[in-house]
Participant: 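What follows is a structure written as structure tokens; I'll ask about it next.
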Amino acid sequence: MISRRALLEGFTATATASVLAARPAPAAAEPPPETARIRLSQIAGICVAPQYVAYELLKLEGFTDVQYVTIKETNPYPAFISGDIDVSMAFVAPFLVQLDAGLPVVLLAGVHVGCFELFGTARVRAIRDLKGMRVGVPSFGSPHHLFLSSMAAYVGLDPRKDIQWVTHEPADSAKVLTEGKVDALMGFPPVPQELRARKIGHVIVNSSIDRPWSQYFCCTLAANKKFVERNPVATKRAIRAILKATDLCALEPERSARVIVDRGFTKNYDHALATMKEVPYNRWREYEPVDTVRFYSLRLREIGVIKNTPQKLMAEGTDWRFFNELKKELKG
């Protein structure tokens, strides 16, 4: 276990001064959180590193009981609806599917752009080349599936007809690509970092740098709707801790990577460090989550995954007030 002192002293003076020590007066003036318990997801992916790095920051915000709920595979979304997760990070598109179905989840903030990468064999050089190809995803409706379906629709493909979907375990990504069982696959950290390190396949699209994907949030922060309604102070404090941790991932990638390895969220330090350096954690102030919801809602409507308009989804399933307040409070 890492003590609070070890974590806070571990970050350099510059990072601590800019992110931790500069705790604004409004936070101190707020009442304590309505609940001392906060539950977040723990998944195989490590692009959600800020919520892991935020452990001690959540403690400082008044949460004495910080829990990470282990999620099988890469699908934390049902746990938001059941109330097993209070607040957590995940890719935006599956949340939009839930909102379209009228389920009790609410989007609260954008955390980072870009983490998904499309890898392929020599047969695939562009998204349009996926027509008729075998493409690997963990499951239908998974973040990987919905992200790549959005990409395909954007370039004029019909993912329901033009792509042969192959399901596989994320841990088997290197194996299925090497053995030729798929022509391409979607991966999020640490899968892309592993494939690069082992020189398997090549990158077709990197959502961190390739437009238009790099212009929209990938991971957003969402919550169970009843949790937000009952605990507005706790919700804002949780968002603040995670956004501060997002800054720390950008400012201190080596130490952030060490934290998530030492706390058991991942095993490979090199892959964790590569993730900290490659995912643009320092850009959450630059973009508006409303643009992200609009963009992906339109893509999902194009392929018949959702029926409602972006306007209706935003009206019924988003609450940006805390995020907008914290963008002013936590100026870079």
Side-chain angles (χ1 to χ4, degrees), residues 1-4 7 35-59 61 63-95 97-98 103-105 108 111-112 115-116 137-147 167-173 186-194 218-227 231 234-235 238-239 241-242 245-246 249 256-269 271-272 275-276 279:
M1 297 293 291
I2 299 175
S3 70
R4 185 175 308 176
L7 174 69
T35 174
R37 185 185 71 175
I38 187 78
R39 294 170 300 173
L40 306 96
S41 67
Q42 180 176 342
I43 62 173
I46 55 174
C47 54
V48 297
Q51 67 187 30
Y52 302 150
V53 174
Y55 178 82
E56 295 296 343
L57 295 171
L58 289 164
K59 293 277 189 177
E61 289 287 351
F63 297 103
T64 58
D65 183 10
V66 180
Q67 300 180 15
Y68 291 92
V69 180
T70 301
I71 303 294
K72 293 182 179 180
E73 299 178 351
T74 57
N75 187 13
Y77 302 92
F80 285 87
I81 306 307
S82 65
D84 293 327
I85 291 175
D86 300 316
V87 178
S88 220
M89 292 169 59
F91 176 50
V92 64
F95 288 130
V97 175
Q98 290 182 320
L103 297 176
V105 64
L108 301 170
V111 184
H112 70 77
C115 67
F116 278 92
V137 294
S139 62
F140 290 96
S142 65
H144 310 65
H145 177 242
L146 292 179
F147 201 144
T167 58
H168 65 90
E169 294 293 332
D172 294 333
S173 296
M186 286 294 287
F188 67 84
V191 169
Q193 287 70 31
E194 177 189 2
C218 176
C219 277
T220 52
L221 196 61
N224 175 277
K225 197 166 188 177
K226 287 185 179 180
F227 179 86
N231 306 290
T235 299
I239 298 171
I242 292 172
T246 305
C249 288
S256 296
R258 177 54 58 193
V259 166
I260 66 173
V261 170
D262 288 349
R263 291 197 60 85
F265 294 114
T266 192
K267 296 180 180 180
N268 190 302
Y269 173 78
H271 294 167
T275 299
M276 299 304 107
V279 175

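All values below come from the heavy atoms of this structure, side chains included, with hydrogens, waters and symmetry mates left out.
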Participant: From C218 SG over to F147 CZ, what is the distance, rounded to the nearest 0.5 angstrom?
Facilitator: 5.5 Å

Participant: Supply the atom-to-atom distance T35 OG1 to F227 CZ, rounded to the nearest 0.5 angstrom.
Facilitator: 6.0 Å

Participant: Verify the ring-centre separation between F95 and F80: is it less than 6.0 angstrom?
Facilitator: yes

Participant: For residues P104 and K226, determine if any side-chain heavy atom of one lies less than 4.5 Å from a side-chain heavy atom of the other.
Facilitator: no

Participant: Looking at P192 and P189, what are the two nearest heavy atoms and their distance?
Facilitator: CD-N, 3.6 Å

Participant: Does any N or O in the side chain of Q98 come within less than 3.5 Å of the main-chain N or O of Y77, such that one atom is a donor and the other an acceptor?
Facilitator: yes

Participant: Roughly how far, to the nearest 0.5 Å, is OG1 of T220 from NE2 of H112?
Facilitator: 9.0 Å

Participant: Please round to the nearest 0.5 Å and tell me the distance separating atom OG1 of T266 and atom CD of Q193.
Facilitator: 10.0 Å

Participant: Is it the case that the side chain of S88 and the backbone of S41 share a donor-acceptor pair, with hydrogens and angles ignored and the cut-off at 3.5 Å?
Facilitator: yes

Participant: Tell me the closest heavy-atom pair linking C47 and F188, and the distance in Å.
Facilitator: SG-CD1, 3.9 Å

Participant: Does the side chain of N268 come within less than 4.5 Å of P190's, by heavy atoms?
Facilitator: no

Participant: Answer with yes or no after comparing the ring centroid distance for Y68 and F265 against a 6.0 Å cut-off, counting only values under it.
Facilitator: yes

Participant: Return the minimal non-hydrogen interatomic distance between V87 and A223, and the atom names on each side.
Facilitator: CG2-CB, 3.8 Å

Participant: Indicate yes or no for a side-chain donor-acceptor contact from K225 to the backbone of V105 under 3.5 Å, with no hydrogens or angles considered.
Facilitator: no

Participant: Output the distance between atom CD1 (I71) and atom CG (D84), rounded to the nearest 0.5 Å.
Facilitator: 7.5 Å

Participant: Could you go step by step and tell me if Y52 and Q42 meet the side chain to side chain contact (heavy atoms under 4.5 Å, CB included) rule?
Facilitator: CA-CA 8 Å; Y52 302 150; Q42 180 176 342; 4.0 Å; yes

Participant: S173 versus E194: any side-chain heavy-atom pair under 4.5 Å?
Facilitator: no

Participant: Distance-only, no hydrogens or angles: does the Q67 side chain make a donor-acceptor pair with backbone N or O of R37 under 3.5 Å?
Facilitator: no

Participant: Out of curiosity, T235 OG1 to N224 CG, how far, rounded to the nearest 0.5 Å?
Facilitator: 9.5 Å

Participant: If you compare all heavy atoms of A54 against all heavy atoms of A241, which two are closest, and at what distance to 0.1 Å?
Facilitator: CB-O, 3.8 Å

Participant: Between M276 and I260, is any pair of side-chain heavy atoms under 4.5 Å apart?
Facilitator: yes

Participant: Counting C-beta onward and ignoring hydrogens, is there a side-chain heavy-atom pair between P143 and F116 closer than 4.5 Å?
Facilitator: yes

Participant: Closest heavy-atom contact between A272 and I46?
Facilitator: CA-CD1, 3.7 Å

Participant: Does any non-hydrogen side-chain atom of L58 lie less than 4.5 Å from one of L40?
Facilitator: yes

Participant: Is there a donor-acceptor pair under 3.5 Å between the side chain of D86 and the backbone N or O of R39?
Facilitator: yes

